[in-house]
Amino acid sequence: MILLSCSSNHCSLSSNIMASAAAPSTILKSSSTSPHLGWGSRRRSCNLPSINRSVSKTTVAYYGPRSPPYKLDALEPYMSQKTLEVHWGAHHRNYVEALNKQLEKNDILYGCMLDELIRLTYNNGNPLPEFNNAAQVWNHDFFWESMQPGGGEMPKLGLLEQIENDFGSFDNFKDKFVEAALTSFGSGWVWLV
């Protein structure tokens, strides 16, 4: 396990090795919850030859912000309803709306699943304009799903064992996780992968 800390243009690993921002997209390969919700009426599959698919997909091209899987006051006192209303209702929504505006004008990317869109727009280290908004939509969706009312307990079984193997102790992991989050430039993200 490593800590992956990302800002809009690079990621750094807990081993102090620099990695490209493509690293989070490797997480996406196992994601089964790529959002393809929205209000667009045109349907077609992402039709790019560089994407290897075993099954053809048809998606709605416009994305919509996924609601958190709990009431907006359910995380109090750790995160207030007001914070969630602003962060989900404004920040997240702004990334979705900006991405949708970009996709309106792009017949090539129109119709891609979100994980495909991120991999494609990363463009081998030369991100296209759509990359930041697509990645931020995914990051926010992942963020909401990563929290739960009554959460924050000590991990159990295999996860705890792996954390202790990789970080020496759970307390050491928490210290390194907090340090990675506090030293991430701007609105960066930190994941345990």
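Bear in mind the structure is a predicted one, so any value in this text is a computation, not a measurement.
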Give, for atom [atom1] of [X] and atom [atom2] of [Y], the distance between the pair rounded to the nearest 0.5 Å.
X      : Y      : atom1 : atom2 : result
Thr83  : His91  : OG1   : NE2   : 9.5 Å
Leu109 : Glu116 : CG    : CD    : 10.5 Å
Lys105 : Glu130 : NZ    : CD    : 10.0 Å

Mind listing the closest non-hydrogen atom pair of [X] and [Y] along with its distance?
X      : Y      : result
Leu114 : Ala134 : CD1-O, 3.7 Å
Ile118 : Trp138 : CD1-CB, 3.5 Å
Pro129 : Gln102 : O-NE2, 3.1 Å
Cys112 : Leu120 : SG-CD1, 3.9 Å
Pro155 : Ile163 : CG-CD1, 4.0 Å

Residues two or more places apart in sequence or in another chain: which of them pass side-chain contact (heavy atoms from CB on, under 4.5 Å) with [X]?
X      : answer
Glu76  : Asp73, Ser80, Gln81
Asn123 : Asn126, Leu128
Ser67  : Trp88
Ser146 : Phe142

Tell me whether [Y] is reachable from [X] by hopping between hydrophobic residues (I, L, V, M, F, W, Y) whose side-chain heavy atoms are closer than 4.5 Å.
X      : Y      : value
Leu84  : Tyr78  : no
Met154 : Leu157 : no
Val96  : Val86  : no

Take a 6.0 Å sphere around CG of Asn124 and say whether it holds more than 12 heavy atoms from other residues, nucleotides or ligands. no
Sort out for me which residue in Asn133, Asn94, Thr121 forms a side-chain contact (heavy atoms from CB on, under 4.5 Å) with Leu99. Asn133
Exam field: side chain Asn172 to backbone Gly168, donor-acceptor pair closer than 3.5 Å: no
Judged by atom type as modelled, is there a donor-acceptor pair below 3.5 Å linking the side chain of His140 to the main-chain atoms of Gln136? yes
Side chains of Pro149 and Leu75, heavy atoms from C-beta outward: is any pair under 4.5 Å? yes
With a 4.5 Å limit on heavy-atom distance, are the side chains of Phe167 and Leu192 in contact? yes
Who are the ring-ring contact (aromatic ring centres under 6.0 Å, His included) partners of Phe170, not counting sequence neighbours? Phe173
With sequence neighbours left out, write down each residue that passes side-chain hydrogen bond (donor to acceptor under 3.5 Å, both in side chains) with His92, or none if nothing qualifies. Asp141, Trp144
For residues 151-165, which residue pairs pass the salt bridge (Lys or Arg N to Asp or Glu O under 4.0 Å) check, not counting sequence neighbours? Glu153-Lys156
Using distance alone, with no hydrogens and no angle criterion, decide if Asp166 and Gln162 have a side-chain donor and acceptor under 3.5 Å apart. yes
As a quick check of understanding, evaluate side-chain contact (heavy atoms from CB on, under 4.5 Å) for Tyr110 and Glu104, giving each step before the final call. CA-CA 7 Å; Tyr110 188 92; Glu104 280 178 353; over 6 Å; no
